[in-house]
S.K.: 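This is the structure, below, for whatever I ask next.
Below, each value reflects all heavy atoms present in this structure, side chains not excepted, and no hydrogens, waters or symmetry copies.
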Amino acid sequence: MGDMDDVNEPAVPEVVESPALRAQPSGKVARWLLHHQVQPVGPAAGEGHAEPHAWWKVMCLTGVDYFSSLAYVPAIAALAAGAVSPLATLLIVALTLLGMLPMYRRVAKESPHGAGSVAMLEDLLPFWWGKLFVLVLLGFVATSWIITITLSTADASVHVVENPFFPQALHGHEVALTVALLLVLGGVFLLGFSEAVSVAIPLVAVFLVLNAVVIAVGLAHVFTTPGAWSAWTDALVEGGGGPGDLMGPALLAFPLLVLGLSGFETGVSMMPLVAAKGADGEQRLRSRIRNTRKLLTTAALIMSVYLLSASFVTTVLIPHEQFEPGGAANGRALAWLAHEHVGETFGTIYDISTILILWFAGASAMAGLINIVPRYLPDYGMAPEWGRAVRPVVIVYTAVCVAITIAFDADVDSQAGAYATGILAMMVSGAFAVTVSVARRRRRAAAIGFALLTAVLFYALGANIIDKPDGIAISGFFIAGIVIVSLISRVSRTTELRADRIVFDPAARQFITDTLAHDNAINIIANRREAGDRAEYSAKEREQRGTNPVPAPADVLFLEIDVVDPSDFSETLTVHGVEVDGYRVLRAEAPAAPNAIAAILLTLRDTTGIQPHCYFAWAEGSPLKHMFRYFLLGRGDTAPVTREIIRKHEPDPTRRPGIHVGG
């Protein structure tokens with residue numbers, strides 16, 4: 001009875017982990033570097049690489065970028081729009097609450113695993129065009145967030161050297177100071193996300209409190225200083241006073257002020273860090289979406305109140321010439337008010353707080369980069385597997401930021417164009433993704449509204465490109481760099497097994513069990529299915545028995561790989577058993593046929609203890625043509641590629657599955 005049970009027991013388990021040889025880190029440093037891994041896009045995203053935190057704590061990490069724009073946006077608005085600066089700021093507040101907030105609340109719902117609007121756009125184009133589209137989007141993401149890190153840190157250095165209480169010896173050493181701040185920022189992230197959140201909370205809290213004091217004192221001066229209010233209203237009247245005269249400067253300043261909205265994209269990219277409650281994964285996901293929406297809404301309301309009031313008091317109280325290049329309020333309007341109306345001691349405290357939050361504004365961008373880019377490139381085969389690990393990625397990004405800082409001489413203005421281009425391109429892509437999403441659901445009113453938002457953001461992007469064409473050129477370098485590195489990585493990884501795990505359905509398991517019971521051997525004929533009928537399998541078996549060393553009494557199985565999307569790289573390989581008029585066929589779908597065949601053969605060897613033999617016919621045509629077909633279409637001269645993949649993953653020749661080619 002026991003023998004019968006052994007015979008009926010399937011020879012292979014249902015699920016088998018990939019047989020790929022993956023070297024485990026042996027040293028302490030290597031284990032430390034590779035400890036935290038970012039998961040691919042999907043339900044598991046966000047698990048394992050960072051401890052979740054309450055939504056308001058994560059808001060502080062996003063807020064070091066979003067709220068830090070209070071340090072410079074009021075000055076930008078006043079310089080660009082003059083007396084009508086509050087009106088221009090009111091347009092930004094309206095755009096924030098009526099456009100950007102609803103848009104990113106929808107992104108949070110439809111892309112809840114931290115991949116942002118990129119994930120929503122990923123499937124718009126098929127095959128390689130879709131991957132190239134994502135690479136371009138990631139190029140803009142890298143542009144905006146890496147330049148955010150370098151620009152905000154350089155701006156922090158500027159605030160250091162402009163404060164009269166800091167040592168004069170720092171003047172002329174802005175590059176060295178910026179590099180030092182970048183290295184400290186990278187060091188915080190090497191410690192972990194929790195440490196970054198812990199630093200962000202007090203920085204944001206203190207900065208918001210200090211700004212509240214400056215704005216409150218400023219409002220008191222507006223209504224108590226003789227002539228302040230009337231001087232501002234007179235400036236409005238001198239500008240014409242009509243709606244058109246007021247709206248003109250406001251609209252011209254609008255593209256510059258949109259940049260202050262960059263915190264929304266980092267907010268949704270950090271969704272995996274947001275703590276959630278629930279009995280199962282689905283409930284926790286819904287909770288995470290709700291909490292992220294709280295994060296976005298609270299941040300938008302706080303920033304809207306601060307921005308509008310700050311713009312008002314700085315425009316009314318600061319002489320316009322102070323906003324001009326070289327003026328004391330240029331790029332630091334609230335800091336000017338802090339020194340002039342609250343006192344030099346408070347002003348210096350405000351400067352220190354501004355320096356710290358501008359320095360750490362790069363933390364928000366760094367967190368966004370860590371949460372998005374590693375979810376795509378390794379999964380596409382366009383980065384090595386260590387590209388999923390947080391700490392090596394932090395080291396790479398920090399090195400890139402240092403190189404850019406040195407290349408641009410830590411100059412804020414020279415980086416502004418690239419910063420604006422990257423941020424606005426991300427916003428346009430997000431608005432377009434949401435427009436497509438609601439249009440597919442046939443929600444006409446929402447689609448029209450989001451289409452209008454897309455047009456507004458596209459106008460801002462176009463205006464920025466015209467005003468600062470160097471920005472799109474720098475973005476182009478980032479995009480080209482990502483595409484080139486990705487293609488090199490993809491080519492170098494073509495001989496990997498490219499299967500996360502192998503799943504056998506009941507029929508496939510039974511076929512393998514039966515063939516082992518027949519002669520304790522596994523003989524497989526590789527076939528590219530055409531008609532898929534009895535005549536095809538009969539002719540294929542006859543051909544292979546005549547040209548290959550298939551043992552005469554051997555029981556044979558057929559193996560067919562359907563290439564569904566050759567631009568994909570790694571996924572679960574599911575093997576189905578199908579019987580066609582007595583012929584037993586194992587079928588699977590995969591991005592590349594040779595890699596899938598090699599993975600199945602090695603899995604059968606490991607699970608059964610029997611070395612399988614696989615029989616092929618020679619492919620007709622040029623080897624060079626077959627090579628390109630394999631890279632682009634997942635097919636080519638399958639037999640030699642399969643053999644090479646097996647050779648790479650099994651160093652012992654005596655343990656390799658047999659590959660036989662005849663004809």
Side-chain angles (χ1 to χ4, degrees), residues 38-46 62 99-145 261-274 282 285-286 288-293 295-297 367-377 379-380 382 422-458 461 479 482 565 567-568:
V38 177
Q39 301 301 317
V41 174
T62 67
M100 302 297 288
L101 180 58
M103 177 182 103
Y104 279 102
R105 283 172 62 90
R106 183 166 292 275
V107 171
K109 180 180 180 181
E110 298 194 24
S111 181
H113 304 298
S117 57
V118 176
M120 298 173 64
L121 294 170
E122 185 178 9
D123 297 328
L124 287 182
L125 295 173
F127 302 112
W128 286 106
W129 290 113
K131 301 297 184 294
L132 183 61
F133 182 48
V134 170
L135 291 180
V136 171
L137 290 179
L138 291 178
F140 283 115
V141 168
T143 302
S144 61
W145 283 343
L261 303 178
S262 61
F264 281 107
E265 190 74 33
T266 53
V268 293
S269 75
M270 292 185 204
M271 285 189 71
L273 299 180
V274 178
E282 186 175 342
L285 192 61
R286 288 198 296 267
R288 178 169 290 140
I289 292 170
R290 287 195 302 271
N291 289 338
T292 302
R293 287 178 159 185
L295 181 160
L296 296 171
T297 303
L369 284 167
I370 291 169
N371 275 304
I372 284 190
V373 177
R375 298 197 193 282
Y376 287 97
L377 295 187
D379 202 39
Y380 288 175
M382 294 178 174
I423 292 292
L424 290 169
M426 289 171 60
M427 292 180 184
V428 170
S429 68
F432 179 70
V434 171
T435 303
V436 171
S437 174
V438 296
R440 286 177 172 173
R441 289 170 170 76
R442 301 184 183 280
R443 299 181 59 181
R444 180 173 297 180
I448 292 173
F450 286 121
L452 180 61
L453 176 63
T454 305
V456 169
L457 294 173
F458 190 78
L461 174 61
I479 293 169
I482 284 182
D565 185 354
S567 66
D568 283 341

S.K.: Between T435 and A447, what is the shortest heavy-atom contact and its length?
M.R.: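 That would be CG2-O, 3.8 Å.
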S.K.: Looking at every non-hydrogen atom in both residues, tell me the closest pair between L295 and G267 and how far apart they are.
M.R.: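 Answer, listing the atom of L295 first, then G267: CD2-CA, 4.4 Å.
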S.K.: Could you tell me whether the side chain of R441 and the main chain of S437 form a donor-acceptor pair under 3.5 Å?
M.R.: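 Indeed, once roles are kept as given, a pair shorter than 3.5 Å links the two residues.
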S.K.: How far apart are the C-alpha atoms of M103 and F264, what are their side-chain angles, what is the distance that settles it, and do they pass the side chain to side chain contact (heavy atoms under 4.5 Å, CB included) test?
M.R.: CA-CA 10 Å; M103 177 182 103; F264 281 107; over 6 Å; no
S.K.: If every non-hydrogen atom of T454 is compared with every non-hydrogen atom of V428, which pair is closest and at what distance?
M.R.: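 Closest approach of T454 to V428, heavy atoms only: CG2-O, 4.3 Å.
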S.K.: Within the 4.5 Å heavy-atom criterion, are M100 and L457 side-chain neighbours or not?
M.R.: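 Yes, at least one pair of side-chain atoms sits under 4.5 Å.
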S.K.: Checking S111 side chain against V107 main chain: does a donor-acceptor pair fall under 3.5 Å?
M.R.: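 A pair under 3.5 Å: no.
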S.K.: Quick check: do Y104 and M427 have side-chain heavy atoms less than 4.5 Å from each other?
M.R.: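 A side-chain contact exists here, since the closest heavy-atom pair is under 4.5 Å.
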S.K.: Show the nearest heavy-atom pair for residues I289 and A108, with the distance to one decimal.
M.R.: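 Looks like CG1-O, 3.7 Å.
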S.K.: Could you give me the CA-CA distance, side-chain angles and deciding distance for L424 and F140, then say whether side chain to side chain contact (heavy atoms under 4.5 Å, CB included) is met?
M.R.: CA-CA 9 Å; L424 290 169; F140 283 115; over 6 Å; no
S.K.: CZ of R293 to CE of M271: how many Å apart, nearest 0.5 Å?
M.R.: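 Spacing of CZ (R293) from CE (M271) equals 9.0 Å.
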S.K.: Tell me whether the count of non-hydrogen atoms from other residues, nucleotides or ligands lying under 6.0 Å of CZ in F133 goes above 12.
M.R.: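 Enclosed.
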S.K.: For the residue pair T292 / R288, report whether a side-chain donor-acceptor contact shorter than 3.5 Å exists.
M.R.: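 No, no side-chain donor-acceptor pair sits under 3.5 Å.
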S.K.: Once rounded to the nearest 0.5 Å, what's the spacing between atom CG of N291 and atom CG of L273?
M.R.: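 Answer rounded to 0.5 Å: 13.0 Å.
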S.K.: Take T62 and L296 through the test side chain to side chain contact (heavy atoms under 4.5 Å, CB included) and record every step on the way to the result.
M.R.: CA-CA 10 Å; T62 67; L296 296 171; over 6 Å; no
S.K.: Of the non-hydrogen atoms in L369 and A142, which two are nearest, and what is the gap between them?
M.R.: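 What the structure gives for the nearest pair is CD2-CA, 4.0 Å.
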S.K.: Kindly compute the distance separating NZ (K131) from CG (L138), expressed to the nearest 0.5 Å.
M.R.: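 If we round to the nearest 0.5 Å, K131:NZ and L138:CG are 12.0 Å apart.
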